[in-house]
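Owing to the predicted nature of the structure, the values given are computational and were not obtained by experimental measurement. Chain naming here is simple, since letters A, B, ... match the order of the sequence lines and numbering starts at 1 in each.
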Number of protein chains: 2
Amino acid sequence: MEKLHLYLTLYQKPLSFWELLKVTDAYGSDLINLLNQELNSKRVLYKNYKFYLSEKTRKETKPFYHPDLKSEYDLYLKCVKQRPEVNELFWQDYLSPESVLTRVKFLISHADIQNKRVLILGDDDLLSIFLAATGLPKEVVVIEIDEAVLDYIDSVATKHKLKIKTISYNAAEPLPSNLIGKVDTFITEPVETIFGLKACLSRGAQSLVPNGSLYFGLSRIDSTLKKWYEIQKMLNQMNLCITDLVKGIGKYKDPKAEPEYYQHLFLSKKINFPLTTPTLDFYDSAFIRCKAVGKAKPLIKGSVKFNKSFYQDNSVMTMYLDKE
Amino acid sequence: MEKLHLYLTLYQKPLSFWELLKVTDAYGSDLINLLNQELNSKRVLYKNYKFYLSEKTRKETKPFYHPDLKSEYDLYLKCVKQRPEVNELFWQDYLSPESVLTRVKFLISHADIQNKRVLILGDDDLLSIFLAATGLPKEVVVIEIDEAVLDYIDSVATKHKLKIKTISYNAAEPLPSNLIGKVDTFITEPVETIFGLKACLSRGAQSLVPNGSLYFGLSRIDSTLKKWYEIQKMLNQMNLCITDLVKGIGKYKDPKAEPEYYQHLFLSKKINFPLTTPTLDFYDSAFIRCKAVGKAKPLIKGSVKFNKSFYQDNSVMTMYLDKE
């Protein structure tokens, strides 16, 4: 557990040891070691069985405390309305704004963006705009293949004075060297082929500082149990441990504007029954948080072929097929 | 995805393909294969873009459909009031009844108890009583070290005509041979040492039928990130894949009746500050659901030593120490 997480928790109000255990969801021994150390250095004080911040710590913590996301969410909603159209070439689709909001709250609750260097691989969801608008991260970097998305993020960043660094990047290429081992929190909503996942998660692993956090989305609609298991094996090999797996905050908006869209999905070739347009957000991608146990180890460092197998396999049911 | 899960979902009302995807949280290709097959055999029918059950399927499904847990929960609440006292010798403590209720609902939503053979390793929570009271499982078996718990479950089972089989068992011993490869759903809330977890999860893995479900609780208070990672590695080695990880439904009741209780916890030796009695349920054990990918492989089959290292290590902060 890192200091800032403790400080941010105590910034709101003094808490007992038991309350801290519950609220921070900390590993018990980590919390105890940290409290002992912080009491010793007098950065945290203890009175009437409650921990509270020293005046100095309180002052230092203030810039990273952020109780309310209303104005940021309003800005985000405005920005998503004007974003570039979906580019099926890059397997894009948008998370619902409500899901993005819940994810941002989740990231904040784990102290994973406050004073952190955040890297987002693929950002058609425009999460970078939301995160930068909070002013909490030390830096937000987007690596993304689609120039239209990059241009749009740049234009919003300029207009609203947001600190976002955008880099044109294909996940099949090696990670830019200045990002290796420099990132506190990596976030991606990857393509769901084994091959694509291996590349995307490896880029993330390679970007992380020791004990960094890695977030990714994974659906059941486009992945089988066997694929989930393969990914679990990859995470092990990369020194990444799953700490959280949250369903219901990875929803995509349906129906799409064009009803014919659904007839072009891969699943339409697999079903023996006629398909109608959905009347609900049927797609949910689980949001999985991992922590690097020490230094994360990427399984892929070099270039890989960017061909069909990167973004399509037999279980990716919502793959959009070209009109044939 | 198994048939009964689909039938139970459609028993409530006809659903579209998209609704089924969302409600069942199914792997997409599994659901499609199953629907194709069920339409073909006419056990499931399709009209106006909605799937529904044939009359015959409906009749066969009825015994396993259970919309309401009110009377079972009332019985459970009555039973927990009279249960044997905690035996610290066996590292016992009770899940709150609300948590048990939520867990039962979770098990039902995954169709993991309906018409299933369920094995519970260690049942001071009396989950077996709740499950058997629903009448849904094919069989409920409890393996447990504490004779007082076994006797109590037996007496409740006799009084209320519940089908529960109880077996006196220490997790350090080999699994009874008649349970090997016979269990659909295994549930345990294990001791949180690496050694104890390895034994308990191995017994579970060995008990499972191919593609069976295994549930276990794991806290952050008593386990470090490193331990979580070790467990993730074990799961891989055992062909077990995490499908769900739910926090907030593994709460233990606090404060305990005796305030001195907390002074006897291992953590009291680690902290440099005085401790007070908790005023909230601070302990939460994540409820983790795994599926066997094919046949699960236990890491331990034989006897292991049942000594201190089975139930105590340096990170089990809430270990109760004998009065010294």
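Proximity of A/Thr57 to A/Tyr7: side-chain heavy atoms (C-beta onward) are separated by under 4.5 Å at one or more points.
Counting heavy-atom neighbours within 6.0 Å of B/Lys226 NZ, excluding the residue itself, gives a total of 12 or less. The number of heavy atoms from other shown groups lying within 6.0 Å of NZ (A/Lys295) is above 12.
Looking at A/Lys227, neither its backbone nor its side chain comes within 4.5 Å of chain B, counting heavy atoms on both sides. For B/Asp281, the part lying near chain A is the backbone, with the side chain staying farther off; criterion is any non-hydrogen pair under 4.5 Å. Both the backbone and the side chain of B/Leu225 have a heavy atom closer than 4.5 Å to some heavy atom of chain A. A/Lys50 does not touch chain B: none of its heavy atoms, backbone or side chain, sits under 4.5 Å away. Proximity to chain B is limited to the side chain of A/Thr279, based on heavy atoms less than 4.5 angstrom apart. Contacts between B/Tyr229 and chain A at a heavy-atom distance below 4.5 Å involve backbone atoms as well as side-chain atoms. At a 4.5 Å heavy-atom cutoff, A/Leu218 makes no contact with chain B through either its backbone or its side chain. Interface residue B/Leu235: backbone and side-chain heavy atoms are both found under 4.5 Å from chain A. Of the two parts of A/Leu39, only the side chain, counted from C-beta on, holds a non-hydrogen atom closer than 4.5 Å to a non-hydrogen atom of chain B. With a 4.5 angstrom heavy-atom cutoff, A/Ser223 touches chain B only via backbone atoms. For B/Ile242, the parts lying under 4.5 angstrom from a heavy atom of chain A are both the backbone and the side chain.
Looking only at distances, a side-chain donor or acceptor of A/Asp313 sits under 3.5 Å from a matching main-chain atom of A/Val316. A donor-acceptor pair is defined here as one N or O able to donate and one able to accept, closer than 3.5 Å; no such pair exists between the side chain of B/Ser268 and the backbone of B/His264.
Chosen from A/Gly294, A/Ala286, A/Ser315, A/Ala26, the residue pairing most often with chain B at heavy-atom distances under 4.5 Å is A/Ala26. Taking B/Met317, B/Lys291, B/Gln232 one by one and counting their heavy-atom pairs under 4.5 Å with chain A, the maximum is reached by B/Gln232. Ranked by heavy-atom pairs shorter than 4.5 Å toward chain A, the options B/Trp18, B/Phe17, B/Trp228, B/Tyr46 are led by B/Trp18. Ranked by heavy-atom pairs under 4.5 Å with chain B, the first of A/Cys241, A/Ser219, A/Ser16 is A/Cys241. Comparing A/Asn40, A/Asn33, A/Asn314, A/Asn239 by how many heavy-atom pairs each has under 4.5 Å with chain B, the most go to A/Asn239. Put simply, of A/Leu240, A/Asp30, A/Ile288, the one with the most heavy-atom pairs under 4.5 Å next to chain B is A/Leu240. Chain A forms more heavy-atom pairs under 4.5 Å with one residue of B/Leu267, B/Leu21, B/Leu275 than with any other, namely B/Leu275.
Ring planes of A/Phe51 and B/Phe273: perpendicular class, angle over 60° (limits at 30 and 60°). Ring planes of B/Phe106 and B/Tyr215: perpendicular class, angle over 60° (limits at 30 and 60°).
Side-chain contact of A/Ser54 with A/Arg43: a donor-acceptor pair under 3.5 Å is absent, judged by distance alone.
The pair B/Asp284-B/Lys247 does not count as a salt bridge, with every side-chain nitrogen at least 4.0 angstrom from each carboxylate oxygen.
Rounding to the nearest 0.5 Å gives a distance of 8.0 Å between OG1 of B/Thr185 and CG of B/Leu208. Taken from CG in A/Leu6 to CG in A/Leu31, the straight-line distance is 7.0 Å, to the nearest 0.5 Å.
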